[in-house]
Each structure stands twice: as C-alpha cells, then as structure tokens.
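One structure is given below, encoded as structure tokens.
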2 protein chains.
Amino acid sequence: MPDLIEVFREHGYEGASLSLIGARTGLGKGSLYHFFPGGKEEMAASVLAEIDAWFEHRVFAPLRGDPDPEAAIAAMFQATDLYFRSGARMCLIGIFALCDARDRFAGAIHGYFATWTQTLAEAMVRSGRNPGEARDIAEDIVGGIQGALVLARAVNDPGVFARALRRLAVRGGGLSSVRHRDTQP
Amino acid sequence: MPDLIEVFREHGYEGASLSLIGARTGLGKGSLYHFFPGGKEEMAASVLAEIDAWFEHRVFAPLRGDPDPEAAIAAMFQATDLYFRSGARMCLIGIFALCDARDRFAGAIHGYFATWTQTLAEAMVRSGRNPGEARDIAEDIVGGIQGALVLARAVNDPGVFARALRRLAVRGGGLSSVRHRDTQP
DNA sequence: CTTGTTATGTACCGATCGGTACAAACATCT
DNA sequence: AGATGTTTGTACCGATCGGTACATAACAAG
C-alpha cells in the first residue's frame, strides 16, 4: 500500500481522512474496512510496521551485522538520502511524533528512533570510537536528519537536506569509506 | 493568550478544535469569535505573530545588532534553551511546518526559519567566518535544534535536547564567550 | 452452471467539526 | 437611573468525521 503511506505522510494521522485515503488509493470504505477491520488505526499501524521493516532491512540490520561498520554507516547515509528523496519526502514517523499520533503510536515511534540511534552508536563503537562519543554523534546524526527534513520543508529547499546529510556523513565517518581516505597512509 | 499558544503547540492546527481551545482558555465561542472574528485561522495567525515577535526581540535582533556577535550567539543558545524548556516544549512552527498548516501559513513558517538561519549566519560572518561556512553552520544549528526537539519528544527524553544544544553551541562558537577561552592567549 | 468466498459500493449512524445568530449580562459614562 | 457599548452563553447550521450494515458484484473451485 504505497498510496496509503503517502496519504499519512502528507496529511498526518488526523489529517488523513477516510475520504482522502479512499480517493488516493481508489478503494471504497467497503474494501478499506475489509482489509483493515481495525479502521484507521490499523491502517496507520500497518504503515508504521512497513516503514519499520524497510529501515530494519536497509539500515538497522546492516549497521548491526556488517563486518565493516564504516561501510554500513556510509550505506546508511545513502539509504537515507534515497528514502527521503534528497529532502523532498518527509519522515512520517517524525510527523507522527510531534503532531497528532504521538500518544497512540508512542511505542512504534520510540522504537524507530531509539533503534536507529542505538544501532548507529554501536556501529561507531565497533569502528573504534568510545561509547560516550558514539552516542553523542549518533544522536547528532539522527536528530540532524530529522531537523534537516523540517528545515528543508519549511524553507521549501531540498538543498538544505542535501547539505546537512553531507555534513553529518563527514561527522559520522561515513564518507571515509567512500572517499577511500583512511585506507591511504 | 499563552493558553491559546499552548493548545496549538500541543495539538497542531487541525487538532486544536474550538472545543479544546474553549476548554483550555475558559472562553466560550462567543468570546473567541469576538476577539478573533476570522475564526481559527486568525487565532493561529496571532499565535504565530506572537512567537515571531518573541524570537525577533530575544534572538534575531540581538544577532543582528549586538556589537559582539559571539556574545549574541551565546545568548541565542540560552534563549533557545529557555524557550523550549530544555526540550520539554515543542516548536509550534516546526509542527505547523510538517503537519497540517504548512500551506496555510507557508509565509510565516518560511520567514521564521529563514530569518533565524540568515541572521545567525550573518552574525558568524561578522565574527570572522567566511560566508559559505557560516551558512553551513547556521543551517546545522537551526536544523539541529529542530531535530533535537523531535528526537527528544519521540524518545521522551529531554536530555537529548540538552546534549544537542551543548554540541551545537560548541560548534557555533557560542560557548567560547561563556568559557572565556578565546580571550586567553 | 453452481457454489462458496472474497471484494466492493452505498446508504446510513451518532458525534464532532468550524462557524453564525442573537439575546442576555456586564461594564462604562453622563 | 438611563443609555451605550462591550463581552459572554447558548442554540443552532451544514459539512464532515470514523465507523457499521448489508446487498451485490467478482471470482475461483467443483
């Protein structure tokens, strides 16, 4: 249901009315409630699960499992840029976090951001940083991505996101494996 | 109308129903529409104007006018920490930017973030940085503040905001005048 | 074709939305 | 006191909200 995700992403939880969802997906209420007997809340939950699965597969798992942590971090920045369409796409979970659904989906929201920050910090520890510094940088990066998305949207300039991502990648060491700098003496 | 601001801050534009506003402010519809004939939209606009005035007075003007740019930047971080209650308070304009009111108040939202970024960058230029670097750092700081607010709310830990603000202050040189480091040889 | 299951459109429900109308209450001033 | 102007409460409006009921349409299996 990519359409379903996009409706929630563009209008938030409260703003995504059933009529909007129906118009966007081409499904009537009958179909909608056939696939999601739990109504709007189940639709949003399924969307959140889908997003979580994407990040789990493309970001979190590599950060945890890749034997080369720096490569995994570089891949994370690439995946992030791709997912958010270089700043043209908003973060649905961030939207849910501050707007309308923060209580309803508190668990999923917390899990998403906590997992991201933690797996990133752990990857940094594995690549040689001390734990305290790693947590700081991880928070800086995950928060920086969210803030760049907000800023890019607010001033209507995706370039803000691109620049932020580049800065954050340098800071996280994720560009080193791309630039092949550290491998040179 | 501090209550009015808080209702919008906690529920967003769409979420702040007239019944919620009435309950929070203690005013009935009669009074509400007496003071704001333009209805909800005028209420939100007045709230945005109030916030803009606060930042203009406490942040933007000092950044522009203070003969000591580094002191102004340090004061900015202090004011920011105070305004957002060390991460316990959300940024209403950020909420409006991504959730429900981004089109309706696009001008005010854009102005807020653009002014903040620009005046901060200019202060940095005045304190000796080159313009390109100044813009980068300014975007980093303003975006970082927004992101830290999102993250702090999402994981329900105001400490995230405190740590982020400290990092950003160091990065922006705003702590130098506090620590009295640069004045020593 | 018949049958059983899955999918869909439509009509409806009570609740709430933002907004309007207006008369009673209140204050203010001569 | 009386007259004037400002604040309030309340009843109401049409529209839309999320959700339910149910009859029908589409379809696969036999």
Side-chain angles (χ1 to χ4, degrees), chain A residues 1-51 90 92-109, chain B residues 1-51 90 92-109:
Chain A
M1 293 297 172
D3 286 320
L4 191 57
I5 297 189
E6 242 43 49
V7 179
F8 280 113
R9 195 195 306 281
E10 288 166 17
H11 299 92
Y13 181 76
E14 309 277 5
S17 69
L18 288 188
S19 61
L20 264 177
I21 294 173
R24 177 74 174 244
T25 62
L27 268 51
K29 280 191 181 186
S31 310
L32 249 20
Y33 274 84
H34 175 72
F35 294 118
F36 303 100
K40 207 167 118 171
E41 183 150 358
E42 190 180 339
M43 299 179 207
S46 112
V47 156
L48 285 176
E50 216 167 305
I51 293 175
M90 202 45 46
L92 187 148
I93 303 191
I95 291 173
F96 275 26
L98 23 134
C99 298
D100 29 28
R102 101 173 83 105
D103 296 321
R104 204 186 298 261
F105 302 107
I109 293 167
Chain B
M1 290 292 173
D3 286 320
L4 192 56
I5 298 191
E6 242 44 50
V7 179
F8 280 112
R9 194 195 305 280
E10 289 166 17
H11 299 92
Y13 181 77
E14 309 276 6
S17 69
L18 288 188
S19 61
L20 264 176
I21 294 173
R24 176 75 174 243
T25 61
L27 267 50
K29 280 192 181 185
S31 311
L32 249 20
Y33 273 83
H34 175 72
F35 294 118
F36 304 99
K40 206 168 121 170
E41 183 149 359
E42 189 180 339
M43 300 178 206
S46 112
V47 157
L48 285 176
E50 216 167 306
I51 293 175
M90 202 45 48
L92 188 148
I93 304 190
I95 290 173
F96 274 27
L98 21 135
C99 297
D100 28 29
R102 101 173 83 105
D103 296 320
R104 202 186 299 260
F105 302 107
I109 293 167

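Note that the structure is a prediction, hence the values are computed from the model and not measured. Chain identifiers are assigned alphabetically (A, B, ...) following the order of the sequence lines, protein sequences preceding nucleic acid strands; residue numbering begins at 1 within each chain. Computed over heavy atoms, backbone and side chain alike; hydrogens, waters and symmetry mates excluded.
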**Q.** Per B:Tyr33 side chain, nearest of listed nucleotides D:dT8, C:dT8, C:dG18
**A.** C:dG18

Q: Look at the side chain of A:His34 and decide which nucleotide, out of D:dG9, C:dG18, C:dA7, has an atom nearest to it.
A: C:dA7

Q: Would you indicate whether the side-chain heavy atoms of B:Glu41 and B:Phe105 approach each other to under 4.5 Å?
A: yes

Q) Which nucleotide in the list C:dG18, D:dT7, D:dT20 gets nearest to the side chain of A:Lys29? A) D:dT20

Q) Taking only N and O in the side chain of A:Ser19, is any of them less than 4.0 Å away from OP1 or OP2 of D:dT16? A) no

**Q.** Closest-nucleotide 5' rank along DNA chain D - winner of A:Pro37 and A:Ser17
**A.** A:Ser17

Q. Between C:dT8, C:dG19, D:dC17, which nucleotide gets closest to the side-chain atoms of B:Leu18?
A. C:dG19

(Q) As a test of reading the structure: which of C:dT8, D:dT8, C:dG19 is closest to the side chain of A:Ser31, going by heavy atoms? (A) C:dT8

(Q) Any side-chain to backbone donor/acceptor pair from A:Lys40 onto A:Tyr13? Under 3.5 Å, distance only. (A) yes

Q. For B:Gly30 and A:Glu14, take the nucleotide of DNA chain D holding the closest heavy atom to each; which residue's nucleotide lies nearer the 5' end?
A. B:Gly30

Q) B:Met43 versus B:Met1: any side-chain heavy-atom pair under 4.5 Å? A) no

Q. Hey, are the side chains of B:Phe36 and B:Leu4 touching, using non-hydrogen atoms and a 4.5 Å cut-off?
A. yes

**Q.** Toward the 5' end of DNA chain C, by each residue's nearest nucleotide, B:Lys40 or A:Leu27
**A.** A:Leu27

